[in-house]
Novice: 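Sharing a structure here in structure tokens format.
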Amino acid sequence: MTPEGQALLRQGAAELGLNVEAQLPQFEQLLDLLVDANSRVNLTALKTESDIVLKHFVDSLSCLRGGHLDGAGLRVLDIGTGAGFPTLPLAIVRPEVAFTPLDSIRKKIDFVRSAAEALNLTGVTPLVGRAETLGRDPDHRERYDRVVCRAVAALPILAELGLPLLKPGGLLVAQKGPISEEELHAGRRAAGEVGGRVTEVDALTLPVLGDARTLVVIEKVGPTPKKYPRREGVPNAQPLFWTAR
């Protein structure tokens, strides 16, 4: 990582209230691992150092707003992690938290696993699979304290996929761009259908770049009906209370 990249990471983290000086070597190594792997396997469309630092690393760290991921021993599932975001940056700064990054594409999970091992992130346990399947698996249903997801789908879809996996009182932290009132309204209805309640809608701008972001927090306040999540592909094709786009 160049001095310019380091400065961007420091500035972006500082705007989120974080000091990552001690973790800079791990972020530098993660950047090198990602760039090298991406030259051989298509893991991310972001190629430049500044884009990776700001749109992957810093954007992932914005999950920490509100303190929802604070606490040793939390079990956190990352739905649709892709090349490991937000899991890997979060695991670097929150090594006391247990992260389970989930993605249906094996080559991406293979990278996440190798990167976690190289960075000695012992709390990261990657899984290949889909949230619909995990949500019906007794080993995973209602087993997690937090579910995070980054720009994966519309809010009603995220509610159906994430809430079955949460323990009562657990939180779904959804990272999104600007969110319309229509999508938010549908998300509130879907959350209620599957045992949740939207408790926070945090509009923010991405540090340095100023891009609009929204963190939506949904609390698991009641049991999820056994019929949810529906079978693979259905939540995306037929979202609850929402016209698929």
Side-chain angles (χ1 to χ4, degrees), residues 60-81 84-91 93-104 109 112 116 121-150 152-176 187-202 214-232 234-235 239-241:
S60 293
L61 294 177
S62 71
C63 270
L64 298 174
R65 282 172 62 99
H68 302 303
L69 298 182
D70 295 348
L74 284 178
R75 292 191 67 193
V76 180
L77 178 72
D78 174 9
I79 293 177
T81 192
F85 303 104
T87 282
L88 293 174
L90 291 175
V93 300
R94 291 289 185 271
E96 70 279 8
V97 173
F99 289 94
T100 302
L102 173 73
D103 203 276
S104 62
I109 288 299
V112 177
L121 300 176
T122 57
V124 175
T125 307
L127 281 180
V128 177
R130 294 178 63 107
E132 298 100 320
T133 304
L134 245 62
R136 295 189 299 271
D137 183 338
D139 289 336
H140 294 276
R141 188 178 178 95
E142 296 195 341
R143 298 289 184 174
Y144 294 91
D145 302 292
R146 304 287 186 267
V147 170
V148 296
C149 39
R150 179 170 174 258
V152 173
L155 192 59
I157 300 169
L158 299 179
E160 180 176 354
L161 296 180
L163 284 165
L165 291 153
L166 285 168
K167 298 175 182 177
L171 300 177
L172 168 66
V173 180
Q175 286 186 286
K176 297 186 64 64
R188 291 184 191 276
R189 293 183 67 191
E193 173 73 13
V194 293
R197 176 172 61 92
V198 175
T199 58
E200 188 175 328
V201 182
D202 179 13
T214 311
L215 282 184
V216 182
V217 180
I218 303 177
E219 182 181 2
K220 178 77 168 281
V221 295
T224 298
K226 290 184 179 180
K227 64 181 178 180
Y228 297 117
R230 291 168 290 171
R231 67 181 186 276
E232 289 189 7
V234 176
L240 297 171
F241 310 110

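We use all heavy atoms of the structure for the numbers below, so side chains are in, but hydrogens, waters and symmetry mates are not.
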Novice: Run the numbers on Leu165 and Leu134 for side-chain contact (heavy atoms from CB on, under 4.5 Å), then give the verdict.
Specialist: CA-CA 8 Å; Leu165 291 153; Leu134 245 62; 3.9 Å; yes
Novice: Might you point out which heavy atoms bring Pro89 and Gly84 nearest each other, and give the distance in Å?
Specialist: CD-O, 3.7 Å
Novice: For residues Pro86 and Cys63, report the shortest heavy-atom separation together with the two atoms involved.
Specialist: CG-SG, 4.1 Å
Novice: If you take all heavy atoms of Thr87 and Phe99, which pair is closest and at what distance?
Specialist: CG2-CB, 3.9 Å
Novice: Can you confirm whether Pro101 sits close enough to Val124 that some side-chain heavy atom of one is under 4.5 Å from a side-chain heavy atom of the other?
Specialist: yes
Novice: Are any non-hydrogen side-chain atoms of Leu155 and Ile218 less than 4.5 angstrom apart?
Specialist: yes
Novice: List the atom of Arg143, the atom of Pro138, and the distance in Å for their closest heavy-atom pair.
Specialist: NE-O, 3.1 Å
Novice: Closest heavy-atom contact between Pro156 and Gly187?
Specialist: CG-N, 3.7 Å
Novice: What distance do Ser62 atom OG and Leu215 atom CG have between them, rounded to the nearest 0.5 Å?
Specialist: 5.0 Å
Novice: Could you measure the distance from the CD1 atom of Ile157 to the SG atom of Cys149? Nearest 0.5 Å is fine.
Specialist: 11.0 Å
Novice: Show the numbers, then the answer: is there a side-chain contact (heavy atoms from CB on, under 4.5 Å) between Leu240 and Val194?
Specialist: CA-CA 10 Å; Leu240 297 171; Val194 293; 4.2 Å; yes
Novice: Can you check whether His68's main-chain N or O pairs, donor with acceptor, with Arg146's side chain at less than 3.5 Å?
Specialist: yes
Novice: For Lys220 and Leu163, indicate whether the former's side chain and the latter's backbone hold a donor-acceptor pair under 3.5 Å.
Specialist: yes
Novice: Minimum heavy-atom separation for Ser104 and Val128, please, with both atom names.
Specialist: O-CG1, 4.0 Å
Novice: Distance check, rounded to the nearest 0.5 Å: Lys176 atom NZ versus Leu158 atom CG?
Specialist: 5.5 Å
Novice: Is it true that a side-chain atom of Arg136 and a backbone atom of Arg230 form a donor plus acceptor pair closer than 3.5 Å?
Specialist: yes
Novice: Counting only N and O atoms by type, is there a donor-acceptor contact under 3.5 Å from the side chain of Arg130 to the main-chain atoms of Leu102?
Specialist: no
Novice: Please check: side-chain N/O of Arg141 versus main-chain N/O of Gly135, any donor-acceptor pairing under 3.5 Å?
Specialist: yes
Novice: With rounding to the nearest 0.5 Å, note down the distance linking OG1 in Thr81 to CG in Leu90.
Specialist: 9.0 Å
Novice: Out of curiosity, Thr214 OG1 to Gln175 CD, how far, rounded to the nearest 0.5 Å?
Specialist: 10.5 Å
Novice: Please test Asp145 against Lys167 for side-chain contact (heavy atoms from CB on, under 4.5 Å), starting from the C-alpha separation and ending with a verdict.
Specialist: CA-CA 6 Å; Asp145 302 292; Lys167 298 175 182 177; 3.3 Å; yes
Novice: Give the intermediate values and the outcome of side-chain contact (heavy atoms from CB on, under 4.5 Å) for residues Leu69 and Val148.
Specialist: CA-CA 10 Å; Leu69 298 182; Val148 296; 4.3 Å; yes
Novice: About how many Å separate CG of Leu77 and CG of Leu172, when rounded to the nearest 0.5 Å?
Specialist: 10.0 Å
Novice: Quick one: are Val217 and Asp202 in side-chain contact, heavy atoms under 4.5 Å?
Specialist: no
Novice: Would you say that His140 contacts Leu127 through its side chain, given a criterion of any heavy-atom pair below 4.5 Å between the two side chains?
Specialist: yes
